[in-house]
Amino acid sequence: MKIFALPGNTVLARGISRHLDAELGIFTVHRFPDGESYVRLLCEVKEQQTVIVCTLFQPDDKILPLYYLTKLLKDSGAKSVTLIAPYLAYMRQDKVFNPGEAVTSNYFAALLSSFVDRLITIDPHLHRHGSMSELYAIPCKAIHAAPLVSDWIRQNVVNPIIIGPDSESEQWVSKVAAAAESPFLVLEKVRHSDHEVEVSKPAVAAYHGRTPVLVDDIISTAHTMIETVGHLHVSGMVAPVCIGVHPVFAGNAYDDLVVAGAAQVISCNTIQHPSNRIDVAGLLATAISE
Ligand code: R5P
């Protein structure tokens with residue numbers, strides 16, 4: 001087996017390869033001055049299983065190099081190409097919210113399914129769909145970071161109260177809380193626009209003296225967390241720890257969240273970011289080898 005890391009994925013790919021004792025594939029990707037991509041394979045892949053690690057935040061820039069590398073591996077004789085996309089993009093536009101909109105979840109799934117053989121991802125944003133097979137036509141494995149998040153909380157936070165910012169978060173917050181042996185609350189959220197969300201006030205009266213830990217799958221603009229941090233401050237709770245599985249952090253989101261009053265911002269390394277404290281390499285290695 002050879003593991004190929006597209007740019008931005010080297011640290012995680014190295015971690016996975018160490019767990020599996022697998023070799024890293026050698027190739028180059030170059031962007032020409034006109035913006036086109038150049039890809040060159042510099043190792044043998046004939047009859048081998050290959051794995052590409054390519055997390056898919058800011059996916060529009062990544063999808064073509066990923067497509068070219070996949071095609072090249074197959075044309076060079078690779079037996080199979082598995083994509084590890086720890087963060088899987090285009091999972092949120094999963095229905096027509098306003099007339100005339102593209103359901104890009106479906107289109108993106110059809111596109112990826114047309115060229116990779118298998119997909120492994122972490123906590124995909126499955127809200128209105130029950131499973132990946134409702135979207136993807138290839139074998140998919142969706143693994144969960146909840147046990148790792150619980151471990152981190154158990155080791156680092158004394159007396160937590162875990163808070164999920166919206167009803168969608170209940171699925172992972174309840175698991176994280178159970179394993180961390182902590183109570184949890186789930187709030188209600190209404191999104192008005194990309195940057196405008198309203199989150200209900202947490203009923204924390206019974207939890208003063210505990211440390212709030214906000215847990216969400218994706219932190220993008222961070223407005224969901226910022227709203228909740230504000231409510232907690234008004235309620236007189238201590239500054240919360242904010243944990244995101246996928247640290248997308250669009251624009252200044254990370255700084256905004258720190259300025260808003262998060263005591264700590266912690267993430268999984270599904271996307272490389274200075275807030276990474278929870279390593280998913282072992283989980284992914286296990287998923288490949290199963
Ligand atoms: C939404 O459904 C997700 O679970 C997250 O709550 C959301 O993506 C967070 O977005 P933002 O950081 O932009 O508020």
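Note that ligands are numbered from 1 as they come in the structure, with each ligand's atoms numbered from 1 the same way.
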May I ask you to check whether Asp194 has an N/O atom sitting below 3.5 Å from an N/O atom of ligand 1? no
Is there a side-chain contact between Leu187 and His231, using heavy atoms and a 4.5 Å cut-off? no
Atom 6 (O) of ligand 1 [closest protein heavy-atom partner, distance rounded to 0.1 Å]: Asp216 OD2, 2.5 Å
Less than 4.0 Å between a side-chain N and a carboxylate O, is that true for Arg191 and Asp166? no
Atom 2 (O) of ligand 1 has as its nearest protein heavy atom Glu168 OE1, 2.7 Å
From the candidates His195, His125, Arg191, the one that places a heavy atom nearest atom 1 (C) of ligand 1: His125
Heavy-atom pairs closer than 4.0 Å: do any link ligand 1 to the side chain of Thr221, the backbone, both, or neither? both
A student checking ligand 1 against Thr224 at a 4.0 Å heavy-atom cut-off should list atoms 9 (C), 10 (O), 11 (P), 14 (O)
Is it the case that Gln49 and Lys79 place a side-chain donor and acceptor less than 3.5 Å from each other? no
Please check if the side chain of Lys74 supplies one atom and the backbone of Thr70 the other of a donor-acceptor pair under 3.5 Å. no
If you measure from the Lys or Arg side-chain nitrogens to the Asp or Glu carboxylate oxygens, is any gap between Glu181 and Arg154 under 4.0 Å? no
Ligand 1 contacted by Ile219 (non-hydrogen, < 4.0 Å): yes
Kindly say whether Ala5 contributes a backbone atom to a donor-acceptor pair with the side chain of Asn9 at under 3.5 angstrom? no
Could you tell me whether Arg92 approaches ligand 1 through its side chain, its backbone, both or neither, with non-hydrogen atoms closer than 4.0 Å? side chain
Check Ala222 against ligand 1 and report side chain, backbone, both or neither, counting heavy atoms closer than 4.0 Å. backbone
State, yes or no, whether a side-chain contact exists between Met237 and Tyr207 at a heavy-atom distance under 4.5 Å. yes
Going by heavy atoms in the side chains, are Asp255 and Phe249 under 4.5 Å from each other? no
Per-atom contacts of ligand 1 with Lys189, taking only distances under 4.0 Å to non-hydrogen atoms: 1 (C), 5 (C), 6 (O), 7 (C)
Atom indices of ligand 1 within 4.0 angstrom of Ile218 heavy atoms, with elements: 5 (C), 7 (C), 8 (O), 9 (C)
Nearest non-hydrogen atom to atom 4 (O) of ligand 1 belongs to which of Asp217, Asp123, Asp166? Asp217
